Amino acid sequence: MRRLQDRAPGPDDRASGPAPRPRGLPAELNPFVGRLDDLAAVGGLLEENRLVTVVGVAGVGKSRCAVRAASLAEKRYCHGVGIAELSGLGDPDLLEHAVVDALGLTDHTRRPPRAVLVDHLADRELLLVVDGYEQHVGACADLVLELLRRAPRLTVLASGRLPLRVDGEVLFPLAPMNDEDALELFASRAAAVRPGSALTGAARDTARELCRRLDRIPLALELAAGRTRALAPEQILQRLDDRFRLLTGGSRSAPPRHRTLRTAIGWSHELCAPAERLLWARLSVFAGHFDLEAAEYVCGGPDLPADTVLDVLDGLLAQSVVLREDSPATTRYRLLDTVREYGAQWLSATGDAERLRRRHRDWFLGLATMCELDWFSPRQEEVAARVESELPNIRRAMEFSMESVDEVHLAQYLAGTLWYFWAGCGRLAEGRYWLEQVLDEEATHDPSRLKAQWVLGYVAVLQGDAAGAISALQSCREGAERSGDGVAAAYAVHRTGCLALVTDDLARAGELLREALARYREVGELNSNVLMAQVELSMTLAFRGDLAGAAATCREVEEICDDHGERWARAYALYVLGFVALRRGRTGPSRRMVREALTTGHRFHDLLGTVLCLELLALLTAVEGDAEEAAVLQGAASVIWPSVGVPVFGSAHYGAPRAECAELARGELGDDAYGAALRAGALLDHDTAVRRALAAGAAPSAEGPPAAGVQAAGETRRPAASRMNGRGGPEL
């Protein structure tokens, strides 16, 4: 199979959008010990240089030192600090996507992510930490060099085993800890394993010698400290002597500390029980974090029953081979990179690596399928968070499936099944990357290919790429008709109707969306996509002046969403209902509904839903008399659109609120003041713009009793399995 390649930039690629602050530095899970002189030295280098690279042997503490130095220097950078952790990245083509993620960017256009980064960083004062780049050192060096050349206020702090070797790079070789820091680290970690214990007297002297024999390398010290659960320091030192004699078969040309670190890891491996060694090797197939259920499925088997994995994992936790990370939602685990590499070598030696990688892939196929079903439920936010956290493993699963022509269809299935993540959670750019890659490969499994095609068409529609959308959707519909796949045909018709809507062909949009809803009913399909077809039909009705039909259609969507706990499609229904209320002069109810829609869209990182609501709230604010604030909100929306695609899709109908707001605000303020307010809004980052929009406007006033329910005379079509439950709709 060929390597995955980045696509060339498309003609519709646009400039970068708003600038959220980077995701920031990770919280420290245990106390940072020592290294005061090293931190001061790195901080001093950052004051004078734009590229500082912390280099050293594996396990010497490069990553921890770099992150700590960045946190101490953070106040110097007005646009903050971002950290790109690249060690779990398998495909170098995803390097730039990973840095985009690290900076908290959302971009829906077809531009290469490198262009997004260059635009975002061009005039920002920011510190970017790049960690764990060794396996992609060439690609990383190329990216860092271009960013530094194109972004004059950017500073990069890199950490890795090798220099990047680019112009302007200043190296800081990180040595092992000094004697006192090493002893303090060992004592601190040992006390965490055995609370209440302390190193005193002879035990302290023994621990000092142990630290010296381990060359004061932090990873080796932490592994040794993990053994204090079962052994006294003198016992550890004695056993360490044995392991030094056993594990000296490495290259004599390798630096001594490399051999020492391997000895430390090998010694920890030798001290593990056979089941612990086996689990250690098998856990190496995970990219980044994993949870217990995944470990039980992927790593379990006749020689390691799934119901014993927890006990064996606990043993690895006790020895600091596996790290535990808790969040309010879940407990997850990870291997340090060096420990993972060691386990991967053992797994390869057993000849079992391919089977474990396949089990890993199968688990994440199942997870994605389950999450697709759960997306149409009250668990939508949990699904979004789960897929976000598992993205490194999902990428690895797709990569594995593309290595064999017989399994490409599984990569197509996985990329298509994640439609809710690509379209609903601000991941259009990466979604398009994967969909194009998997569809470039031939596969004999039609349903998987057809699903990937309509999802690609959907993504292209949202990006404003009409040509790309038509190509994918026509191919899908033709293939569906040949194979008799009614579900794929319905989706192809639906998304073609959506394309007609955003390109202002309202008559064709209404015809296709009604056909799609009929097809959905015929095959018994009901999910968020089906409800979005009904929302899009209601938008068509509203644009054609049938406000009653549009309201009735969206009320039904709202009821179905409430029945199922669905929030994403409901937000779009509220947007349409807010649009209808505004057209009827009911600004209070309109503002309430659009605020709720904006809150939901922002929570899901849905940039399209967010910017549509900002445009409507800007018009509402102008109608209510605050022209300056309306112009500020317009300015904020204007810099979001380029990250979605074509501003307001290039549609006269979708663009009407923007045009009306501009006319009102400019007429009230005059050209100069209006332009100044637009520029002020354009300076707001994404989160600030949303907070400001939610706070804009006076508290909605009572405007009389709610309008009586309006029936959609012959205009509304219900999705499959929909029903009315008698509840009243929102006030319009």
Side-chain angles (χ1 to χ4, degrees), residues 4 6 20 22-24 26 82-108 113 116-117 131-132 135-136 283 285-291 293-295 298 325 327 329-330 332-335 337 340 357 360-372 374-375 379-402 410-438 452 455 459 603-607:
L4 302 182
D6 264 319
R23 299 190 186 280
I83 179 166
E85 297 177 345
L86 307 178
S87 59
L89 205 63
D91 183 356
D93 290 337
L94 292 174
L95 173 67
E96 292 150 359
H97 287 286
V99 180
V100 166
D101 288 351
L103 295 178
L105 300 179
T106 304
D107 190 273
H108 290 342
V116 176
L117 290 169
D131 181 47
Q135 59 184 330
H136 306 307
L283 290 174
V285 300
F286 288 99
H289 297 76
F290 57 89
D291 59 24
E293 290 76 15
V298 175
E325 297 186 1
S327 71
T330 186
R332 294 173 65 76
Y333 309 93
R334 68 182 179 94
L335 297 174
D337 295 336
R340 180 186 297 111
R357 291 182 68 200
H360 172 275
R361 189 271 316 283
D362 292 347
W363 171 263
F364 288 101
L365 276 173
L367 176 70
T369 302
M370 179 189 71
C371 286
E372 182 184 30
D374 271 357
W375 181 254
R379 294 179 291 279
Q380 276 184 318
E381 286 189 61
E382 298 171 30
V383 167
R386 181 70 183 274
V387 177
E388 176 78 25
S389 67
E390 298 291 8
L391 193 54
N393 283 304
I394 291 170
R395 290 167 176 160
R396 181 165 289 185
M398 285 191 281
E399 290 167 355
F400 175 74
S401 296
M402 292 190 69
L410 297 176
Q412 294 174 346
Y413 172 82
L414 185 50
T417 295
L418 291 169
W419 67 265
Y420 53 90
F421 188 64
W422 311 137
C425 302
R427 292 286 187 160
L428 286 178
E430 181 166 352
R432 181 143 191 178
Y433 168 85
W434 283 112
L435 290 160
E436 289 181 336
Q437 296 300 327
V438 300
V455 176
V459 168
R603 182 179 298 128
F604 285 116
H605 308 291
D606 183 350
L607 216 56

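Numbering starts at 1 and runs along the sequence shown. For clarity, every value in this text was computed on a predicted model and none was experimentally measured.
For the side chain to side chain contact (heavy atoms under 4.5 Å, CB included) test, residues two or more places apart in sequence or in another chain that qualify with Glu325 are Leu29, His289, Arg334. Residues passing the side chain to side chain contact (heavy atoms under 4.5 Å, CB included) test with Asp362 are Tyr297, Arg358, Leu365, sequence neighbours excluded. With sequence neighbours excluded, no residue forms a ring pair (Phe, Tyr, Trp, His ring centres under 6.0 Å) with Phe400. Residues meeting the side-chain hydrogen bond (donor to acceptor under 3.5 Å, both in side chains) test with Arg396, sequence neighbours left out: none. With sequence neighbours excluded, the residues that form a side-chain hydrogen bond (donor to acceptor under 3.5 Å, both in side chains) with Arg332 are Glu390. Qualifying side-chain hydrogen bond (donor to acceptor under 3.5 Å, both in side chains) partners for Trp419, counting only residues two or more places apart in sequence or in other chains: Glu372. Qualifying side chain to side chain contact (heavy atoms under 4.5 Å, CB included) partners for Ala368, counting only residues two or more places apart in sequence or in other chains: Leu414, Thr417, Leu418, Tyr420. Residues meeting the salt bridge (charged side-chain N to carboxylate O under 4.0 Å, His left out) test with Arg395, sequence neighbours left out: Asp101, Glu430. In this structure Arg603 satisfies the side chain to side chain contact (heavy atoms under 4.5 Å, CB included) test together with Glu381, Thr599, Thr600, sequence neighbours excluded.
In terms of heavy atoms, Ala452 sits closest to Leu435 at O-CD2, 3.7 Å. For the pair His360 and Ala287, the tightest heavy-atom approach, listed with the atom from each and the gap, is NE2-N, 4.5 Å. Heavy atoms only, all atoms of each residue included: Ala384 and Trp375 are closest at CB-CZ3, 4.4 Å.
In summary, Arg432 and Glu436 engage in a salt bridge, as defined by a charged side-chain N under 4.0 Å from a carboxylate O. Electrostatic pairing of Asp606 and Arg427 does not count as a salt bridge here, judged by no charged N lying under 4.0 Å from a carboxylate O.
Judged by distance alone, with hydrogens and angles left aside, the side-chain atoms of Glu96 form no donor-acceptor pair with the main-chain N or O of Pro113 at under 3.5 Å. Judged by distance alone, the side chain of Asp374 and the main-chain N or O of Val383 form no donor-acceptor pair under 3.5 Å.
For an aromatic pair to be called close, the ring centres must be under 6.0 Å apart, and Trp434 with Phe421 fails this.
To the nearest 0.5 Å, atoms CD (Gln135) and CG (Asp91) are separated by 10.0 Å. Rounding to the nearest 0.5 angstrom, the gap separating the CD atom in Glu293 from the CG atom in Leu367 is 10.5 Å. Rounded to the nearest 0.5 Å, atoms CD (Gln380) and CZ (Phe604) are 4.5 Å apart. Interatomic distance, Ile394 CD1 to Ser389 OG, rounded to the nearest 0.5 Å: 8.0 Å.
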(message) Applying side-chain hydrogen bond (donor to acceptor under 3.5 Å, both in side chains) to Tyr413 and Ser401, what does each step give before you reach the verdict?
(response) CA-CA 10 Å; Tyr413 172 82; Ser401 296; over 6 Å; no

